[in-house]
Amino acid sequence: MTGDDVTEFRSADGDATLLIDCARSMVTRQASEGWDVQERGFWCYVRPRDHAIGVQGWKLHLSATPLSAPIVLARSAEILLRHNVPFKFAATLKDVATITSPRCERSAGGKFITAYPAIPDGALPDLAAELHEATAGLPGPGIMSDRRYCDGSLVHYRFGAFGGIQILGNDGSPTAMLMAPDGSLVLDQRQAWFEVPRWAPSDPFAQRTATTSSHGSSAVAEVLLGGRYTVDAVVRHAFKGGVFRGMDRQTGSAVIIKQARPYVGAWVTGHDVRDALRNEAAVLEALAPSSVTPRALELFEQQGDLFLAQELISGVTLREWGYEHLEFAADDQCGFKPTDALRLAHELVGLMQVAHTNDLVIQDFNPNNIMVADDGGLRLIDLEYAATPGRPALCAFTPGYSAPEQVRGFTSAPAQSVDLYALGATLFHLVTGADPMVPLDQKSAVRRRSGVEEHLTKLAVSNETASLLTPLIVELMNQDPGCRPSLPEVIARLDGLRSAKPLPLLVLPMTRPDEEKENESLLADSTEHLLNTMDLNENQHLWPPAVPDHGSGLTSTDPLNVQHGASGVLGALTAAYHADETAKLHAGLGDAARWVVARLHREPRILPGLHFGRSGTAWALLEAGLALGDEVCTATACDLALRVPVSWPNPDICHGLAGAGLTQIRFWELTGREEFRDRVRSIADYLATTANHDDDRVLWPIPTDFASNLAGMTHYGFAHGLAGIGAFLLAAGRTTEDESYLALATKAADTLVAVARRRDGAAYWSSGPDYPADLAHWCSGSSGIATFLVRMGSELAQEHLIDLSAEAALAIRRIRWRAGLPQCHGLAGDAELLLDLFETTGDERYRRWAFDAAEVIRLHRIDRDRRGVLLDVNGTLLDYGFGTGLAGIVSFLLRLRSGGRRMWLPDALAIH
């Protein structure tokens, strides 16, 4: 959870079909026989039946707001149908709100209608002119990836894919490619600025005087805003406008400048983010005498955008401050000293009192919107949504910090009691370092109070600050606004706590009553949910993808991979079947395996990666086929594994060769076929020749010219870098008995030891040489790197590697209360390392810690269809994937219960 605010678009009955009905009406009115109107998720397509859309060309986009969308669609559709131009549009008003929201991707924002003209480029200006005249004066945001037809127009254009050449991109996601004149495929770069391939046909609008948006560059040149403020750095880029750090030339003072672009985040009232920025300026003026907010300096317009310059508060957000100031005592005791926490709690109440005394409700009170200044004092920032209760206002909230009545929405500013709930949630964060685990969906709202109370009660066992503040936090976060204590009551309670003694901290036993029973219940419910939600009639995804496509292109994933797709769930179901051979599991496993087999032919491209390529799919099918005794499934798996490349530019586990290598080892272990071991040697030899040696260190950078989002990067972690490659080389050495592979794995381990970051007895790593942040999870931090080091230490009998792995375990132990859940970057993957250390050392402490991780996971449990299921890291959606959701948690709970091999690691990496 990042603390981003959410604005809720509430539709009236009929809004869901209003735009589609409009399109159908226009097709009928135009007597356009042979045309279809087809809704496909986020988009609705209007095109001639059996029409084959072109590969690429100059295409037109029209923007709109939720209010103007019906008129823009009606007027544009009439023209496009008359010219026989197929098009698509955001299917509902809620979808229009999504694609014009402040949080939309900059490269996708505003694209309400996309038209694919099958006409000569020379005729495009006339079509654009007609569309412009029909929609002139209607509101809609600028489209940052495109060039406007002319100033103020809703019509934009760019060169890009129509249908494109659809391939599975090197990073494992379906991608629309352009075709260059020489026949080569080129990625359609959807940037947040206008960019045309150098080989594209000449701009058909070049003779016009269209302006290029001032937002059309990623570079930060010398910029002067308002004739007064120089821009020194970009704090944040966003579709709604950037936030910049700069200097006031008149005073020499440091400033923050916030930008609001017209019609972004347009509400049904007609207001947009500019109104929110004006509101912030007014609120800052009103609160200026209190000195609890930055001073507003100037509100001004430039090139059509609105800007607010305000005083820069030097410091960090409360969220950042908390991460930097957590104190650690014993390995199970961390947090803030009660004196420090109570001081901050008093100051938080003081901030809120100032706003409430000025007849304001803050609406979005959370750790991201509170600054800890260099002098230690607290300041309120980002007050766009502060308003007078009961009056018409822009309403927003931050998930986890919003009162239940806020989520249901308002037409005017809510009562100040919503801030009391947010105060409780912010105190929760202060105590735990985590965001409240409060799902947004109304089905789970009953768990708000109980989940928070359960979390704090368990934390209070080893956190004296939590033991003091838990009763107050729970009361503030009451679902009933009338039951929340007032600010004077909160102050009195805090004053009383200054002299109160916290409950004595407990030393818990290694085993606890009913714990295994609770894990078993969650495991059974989760497995049952996976079986019951499998949709064998769905052609695209066997389980629903966690994040729907909102037009950004970011959620289109390979439906057969391990990370997000069916193969990861298939692997977890196979493990569940080995543990409990029920008839329902047998039937479900067989159905899932056959579904995957039936769809392999749809994707001719074989990527090597274990989590994002076909190696993981082959591995999942082999294990399932052997469990079921299904020879067809087993043979299909072997054939697929033999077609996986043994040379590839990306060397990593998730997308590249190391992942392919682990798969070939597993196939050799299960089939005994020598050809798989030969392929292991080929992969290991390739990695040996591509290693980058520097004195006593070794790294594997990804080539800069590789068509991948990872191009040019060098990583340390298990998923994308050195630790995963080292693990494969260790397994290859054991499999082939080739000492050169073991020597290279040893050098990889030595490199990781050299770059470890030790702090307060715990070990962390950054993503790579060029990254500053200390990370702790499987994909890029302590958990994944120690997954390799503990095995290397066992292989070489080197205690310092096992000791360093134990320090990594302490790092993940300390973040368990604020970590997410998944295998990739959360508790399930972290706790797998704890089980590794238990197997290595026999120390029951690590198994106890793994049970504690399961306890935190259980706190995310909600009731769905009379079963306990787990929401994603944001507490909003069900995610079924192995790397990111439920299947990976099932895998961990199975191993916690019964032991055994860690999924997606071969026996060659078993702990010796």
Side-chain angles (χ1 to χ4, degrees), residues 47-48 51-63 76 79-89 105-136 140-167 169 175-219 221 303-304 551 553 705 707:
R47 54 193 175 190
H51 172 75
I53 195 168
V55 172
Q56 62 201 37
W58 292 100
K59 56 185 178 180
L60 302 177
H61 288 115
L62 287 92
S63 67
S76 300
I79 295 168
L80 294 171
L81 287 167
R82 178 159 36 84
H83 287 278
N84 291 312
V85 174
F87 62 97
K88 70 177 182 181
F89 61 91
E105 286 293 316
R106 293 192 299 152
S107 60
K111 297 177 182 177
F112 168 47
I113 297 176
T114 304
Y116 306 98
I119 58 179
D121 289 350
L124 275 177
D126 290 338
L127 176 61
E130 200 172 347
L131 289 167
H132 167 68
E133 290 170 8
T135 59
I143 297 173
M144 299 181 72
S145 65
D146 290 24
R147 179 169 285 167
R148 281 188 191 268
Y149 168 72
C150 65
D151 287 339
S153 180
L154 299 187
V155 181
H156 300 69
Y157 68 94
R158 69 180 292 266
F159 185 89
F162 283 14
I165 306 294
Q166 299 290 328
I167 69 165
T175 305
M177 305 291 285
L178 303 174
M179 180 176 287
D182 63 2
S184 62
L185 298 182
V186 180
L187 184 64
D188 185 7
Q189 297 280 358
R190 295 176 176 91
Q191 307 286 11
W193 54 88
F194 183 72
E195 185 173 75
V196 181
R198 55 180 176 76
W199 44 261
S202 60
D203 184 344
F205 300 90
Q207 300 305 313
R208 293 194 56 83
T209 57
T211 60
T212 303
S213 168
S214 61
H215 325 289
S217 173
S218 62
Q303 293 184 330
D705 59 352

* Could you grab the distance from atom CG of Leu154 to atom CZ of Arg148, nearest 0.5 Å is fine? => 7.5 Å
* Asked: With a 4.5 Å heavy-atom cut-off, do Met177 and Asp188 have their side chains touching?
  -> no
* To do: Evaluate the side-chain proximity of Asp121 to Phe159: yes if any heavy-atom separation is below 4.5 Å, no if none is.
  => no
* Asked: Do the non-hydrogen side-chain atoms of Met179 and Leu185 ever get within less than 4.5 Å of each other?
  -> yes
* Heavy atoms, side chains only, cut-off 4.5 Å: are Leu131 and Leu60 in contact? -> yes
* Structure fact -> What one should report as the nearest heavy-atom pair of Ala176 and Gly164 is CB-CA, 4.4 Å
* To do: Measure the acute angle between the ring planes of Phe194 and Trp58, then classify it against the limits of 30° and 60° as parallel, tilted or perpendicular.
  => parallel
* Structure fact -> Of all heavy-atom pairs linking Ala115 and Val85, the shortest is CB-CG1, 4.0 Å
* To do: Identify the two heavy atoms, one from His156 and one from Ser63, that lie closest to each other, and give their separation to 0.1 Å.
  => CE1-OG, 4.2 Å
* Asked: Is there a side-chain contact between Leu62 and Phe87 (heavy atoms, below 4.5 Å)?
  -> no
* Over all atoms of both residues, closest heavy-atom pair of Arg47 and Pro86 -> CB-CB, 3.7 Å
* **Closest non-hydrogen atom pair between Gly122 and Pro125, with its separation** => O-CD, 3.4 Å
* Point-to-point distance, once rounded to the nearest 0.5 Å, from CD of Glu130 to OG of Ser76 -> 10.5 Å
* Taking C-beta and beyond as the side chain, do Phe89 and Ile113 meet within less than 4.5 Å on heavy atoms? -> yes
* To do: Let me know which of Arg106, Glu195, Lys111 forms a side-chain hydrogen bond (donor to acceptor under 3.5 Å, both in side chains) with Ser145.
  => Lys111
* Asked: Taking the side chain as C-beta and beyond, is there a heavy-atom pair between Val155 and Tyr157 under 4.5 Å?
  -> no
* To do: List the steps and the verdict of side-chain contact (heavy atoms from CB on, under 4.5 Å) for Arg190 and Glu105.
  => CA-CA 10 Å; Arg190 295 176 176 91; Glu105 286 293 316; over 6 Å; no
* Structure fact -> Value for OH (Tyr116) from CG (Leu80), rounded to nearest 0.5 Å, stands at 12.0 Å
* **Check: Phe162 and Pro117 side chains under 4.5 Å, non-hydrogen atoms** => yes
* Decide yes or no on side-chain contact (heavy atoms from CB on, under 4.5 Å) for Arg158 and Arg147, but give the supporting numbers first. => CA-CA 7 Å; Arg158 69 180 292 266; Arg147 179 169 285 167; over 6 Å; no
* To do: Provide the closest heavy-atom pair for Ile143 versus Gly110 in the form atom of the first, atom of the second, distance.
  => CD1-O, 3.8 Å
